[in-house]
Amino acid sequence: MPELPEVETVVRQLAEVLPGLTVGEVDVVQPDLLNRAPDSFRAPLVGSTIRAVTRRGKNIVLALSGPRILAVNLGMTGQLLFIPTEPGQDPKKTPVWPSHPGVLLHLGPTGALVYADVRRFGSLRLYSPEGWKKESARLGPEPLDPSLDGRAFWQALQRSRSPIRSWLLDQTRIAGIGNIYALEALFRAEIHPQAQARSLTKNRSERLLEGIRAVLSEAIAARGTTLRDYRTASGDSGGFGPSLLIYGREGEACPGCNTPIQRVVFANRSAFFCPSCQKGS
DNA sequence: CATACGTCCTGCCAGC
DNA sequence: TGCTGGCAGGACGTAT
């Protein structure tokens with residue numbers, strides 16, 4: 001699921017409700033989601049207070065007293081849900097309790113935070129502030145950060161022989177983009193997904209960066225794309241699905257020229273594109 | 001170092 | 001109706 005707009009949506013919601021709350025009991029239902037043994041995951045968390053909720057790439061970053069950092073990556077099917085409760089009410093007894101709970105953080109009488117994940121490709125990783133700083137430094141720049149300029153983006157592309165879609169999915173090159181928004185941005189910029197990164201002209205790469213920023217911003221405004229599993233922190237679906245121009249639309253008419261949209265598979269993933277509008281492979 | 005590919009896991013759905 | 005194969009938003013490890 002979850003790419004930058006979906007993660008940003010969850011982060012914005014959680015930033016409204018979590019700061020100031022203190023972690024009580026921690027239930028680990030699926031230990032394989034954690035980056036350490038359940039006991040050493042639990043111990044530093046219990047009793048700590050949530051200070052801030054931010055995003056780095058596709059990671060939800062909870063800053064805790066201690067200090068500690070809890071980084072949550074939703075993988076393909078992860079959900080991070082805030083469950084409001086009445087005092088004394090069991091979050092598991094609420095109508096919004098998910099079907100595949102992985103980790104539950106009790107947050108006092110007013111609510112709980114549950115991570116749920118059908119396929120369990122996601123993760124909850126606990127770090128020291130220094131440890132997280134190192135992890136974060138492995139990721140590429142934030143596409144919506146204005147300090148990423150068109151020239152730096154183009155120069156980075158010039159150094160790679162990878163297909164541009166693969167380049168965009170590599171989190172160490174640019175952080176937060178996944179298959180849906182990579183393909184949407186490439187369609188907007190009229191670039192073939194298999195075009196070599198370094199084949200892009202400066203103008204074309206600037207159009208690509210503009211396309212990335214536009215589609216991410218529009219998707220955030222719509223609270224993300226729900227294909228199946230993605231939910232906001234309050235359990236709602238995202239509204240951007242109908243606005244996808246190319247993703248999942250094999251055989252449909254290109255909105256620009258009416259040519260049937262094609263699907264190719266490379267690097268083990270589907271790529272949708274208009275063979276007429278998107279050249280350069 | 002850079003790039004390419006298989007793998008982790010489960011559920012759903014089209015097609016037979 | 002029931003089974004099977006294909007496919008899914010991500011990321012990491014390994015091989016070349």
Side-chain angles (χ1 to χ4, degrees), chain A residues 1-11 29-35 55-60 71-80 98-103 115-125 134-136 138-140 143 156-187 193-199 212 215-216 219-220 222-232 236-251 263-272 281:
Chain A
M1 103 173 212
E3 307 182 27
L4 188 154
E6 291 75 33
V7 176
E8 179 67 21
T9 299
V10 172
V11 163
V29 184
Q30 296 286 356
D32 59 346
L33 295 168
L34 310 179
N35 69 335
R55 180 187 59 75
R56 176 76 175 102
K58 299 175 193 171
N59 297 284
I60 299 159
V72 180
N73 189 296
L74 301 173
M76 293 276 243
T77 55
Q79 305 171 346
L80 191 59
S99 53
H100 295 271
V103 177
Y115 179 80
D117 193 344
V118 173
R119 291 173 72 183
R120 305 204 305 281
F121 285 177
S123 61
L124 292 85
R125 288 122 57 212
K134 273 182 148 177
E135 272 305 298
S136 179
R138 295 179 51 227
L139 300 175
L157 293 179
Q158 291 303 105
R159 284 182 245 116
S160 172
R161 304 170 191 276
S162 291
I164 183 63
R165 196 274 307 262
S166 302
W167 194 97
L168 292 170
L169 295 189
D170 183 342
Q171 301 300 297
T172 69
R173 294 173 147 146
I174 190 164
I177 299 170
N179 201 32
I180 290 182
Y181 298 111
L183 295 171
E184 291 294 314
L186 289 167
F187 174 73
Q194 289 175 288
Q196 266 200 351
R198 67 176 187 180
S199 76
I212 289 167
V215 73
L216 294 179
I220 290 169
R223 308 205 313 160
T225 300
T226 296
L227 296 185
R228 170 173 297 154
D229 300 290
Y230 164 66
R231 293 294 181 276
T232 71
D236 298 321
S237 295
F240 195 69
S243 303
L244 297 175
L245 299 176
I246 199 87
Y247 183 87
R249 298 196 182 276
E250 180 181 19
R263 181 176 82 102
V264 293
V265 176
F266 66 96
N268 288 323
R269 335 233 359 212
S270 289
F272 302 88
S281 96

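Please read all numbers here as calculations on a predicted model, not as lab measurements. Protein chains get the first letters and strands the later ones, always in sequence-line order, with residue 1 at the start of each.
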Output side-chain donor-acceptor pairs under 3.5 Å for residues 242-250 of chain A, partner residues at least two apart or in another chain, one line each.
residue: R249(A); atom: NE; partner: L244(A); partner atom: O; Å: 2.6
residue: R249(A); atom: NH1; partner: E252(A); partner atom: OE1; Å: 3.1
residue: R249(A); atom: NH2; partner: L244(A); partner atom: O; Å: 2.9

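OP1 or OP2 of dG10(C) lies within a sub-4.0 Å distance of a side-chain N or O belonging to K58(A).
Scored by the salt bridge (charged side-chain N to carboxylate O under 4.0 Å, His left out) test, R119(A) finds no partners at all (sequence neighbours excluded). Every residue meeting the side-chain hydrogen bond (donor to acceptor under 3.5 Å, both in side chains) condition with D236(A), not counting sequence neighbours, appears here in chain and number order: R223(A), S234(A). The side-chain hydrogen bond (donor to acceptor under 3.5 Å, both in side chains) test applied to S270(A) returns R263(A), not counting sequence neighbours. Applying the salt bridge (charged side-chain N to carboxylate O under 4.0 Å, His left out) test to E8(A) and every residue at least two apart in sequence or in another chain returns R12(A), R55(A). The side-chain hydrogen bond (donor to acceptor under 3.5 Å, both in side chains) search around Y181(A) returns E6(A), T225(A), not counting sequence neighbours. A search for side-chain hydrogen bond (donor to acceptor under 3.5 Å, both in side chains) contacts involving D32(A) returns R120(A), not counting sequence neighbours.
One interatomic measurement links the two molecules: CZ of R125(A) to C1' of dG10(C), which rounds to 11 Å at whole-angstrom precision. The separation between I180(A) atom CD1 and dA8(C) atom C1' is 10 Å, rounded to whole Å. Regarding L4(A), its CG atom lies at a distance of 11 Å from the P atom of dA11(C), rounded to whole Å. Between the P atom of dA11(C) and the CG atom of L33(A) lies a distance of 15 Å, rounded to the nearest Å. In this entry the distance linking CG of N35(A) with P of dA11(C) reads 15 Å, nearest Å. One can place OH of Y115(A) at 10 Å from C1' of dG10(C), the figure rounded to the nearest angstrom. Rounded to whole Å, atom P of dG10(C) lies 9 Å from atom CG of N73(A). Atoms CG (L216(A)) and P (dG9(C)) sit 16 Å apart, rounded to a whole Å.
The two residues I174(A) and P143(A) come nearest to each other via the heavy atoms CD1-CB, 3.9 Å. Nearest heavy-atom pair across L186(A) and P193(A) is CD1-CA, 3.8 Å.
Residues of residues 165-179 of chain A having a heavy atom closer than 4.0 Å to DNA chain B, listed by number: R173(A).
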Legend entry - Base versus backbone protein contacts along nucleotides 6-14 of chain B [heavy-atom cut-off under 4.0 Å; B, S, -]: B-BBBSS--
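Nucleotides dG6(C) and dG6(B) are separated by 14 Å at their P atoms, to the nearest Å. Taking atom P on both nucleotides, dT14(C) is separated from dC9(B) by 16 Å, rounded to a whole Å.
Expressed to the nearest 0.5 Å, how far CZ of R125(A) lies from CG of L34(A) amounts to 11.5 Å. Note that CG of L74(A) is 8.5 Å distant from CD of Q79(A), once rounded to the nearest 0.5 Å.
Among the protein residues, Y247(A) comes within range of the sugar-phosphate backbone only, with heavy atoms under 4.0 Å from sugar or phosphate atoms but none that close to a base. Across all strands shown, D117(A) has no heavy atoms under 4.0 Å from either base or sugar-phosphate atoms. Contact annotation for S123(A): no contact, since no heavy-atom pair falls under 4.0 Å across all strands. Among the atoms of the strands shown, only primed sugar atoms or phosphate atoms (P, OP1, OP2) are found under 4.0 Å from some heavy atom of P163(A).
In terms of modelled atom types and a separation under 3.5 Å, the side chain of Q171(A) and the main chain of G176(A) share a donor-acceptor contact.
The side-chain heavy atoms of L169(A) and R269(A), taken from C-beta on, include a pair separated by under 4.5 Å. Between R56(A) and E135(A) there is no side-chain heavy-atom pair separated by less than 4.5 Å.
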Inset, instruction - Return one dot-bracket line describing DNA chain C 5' to 3' (Watson-Crick or G-U wobble pairs, both distances under 3.5 Å; ( ) same strand, [ ] crossing, | another strand, . none). - result: .|||||||.|||||||
Which atom pairs link the protein and nucleotides 3-7 of chain C when you take only N or O atoms and keep those under 3.5 Å?
residue: dC7(C); atom: OP1; partner: R263(A); partner atom: NH2; Å: 3.2

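Sorted by first and then second residue, the pairs that involve residues 158-177 of chain A and meet salt bridge (Lys or Arg N to Asp or Glu O under 4.0 Å), not counting sequence neighbours, are D170(A)-R173(A).
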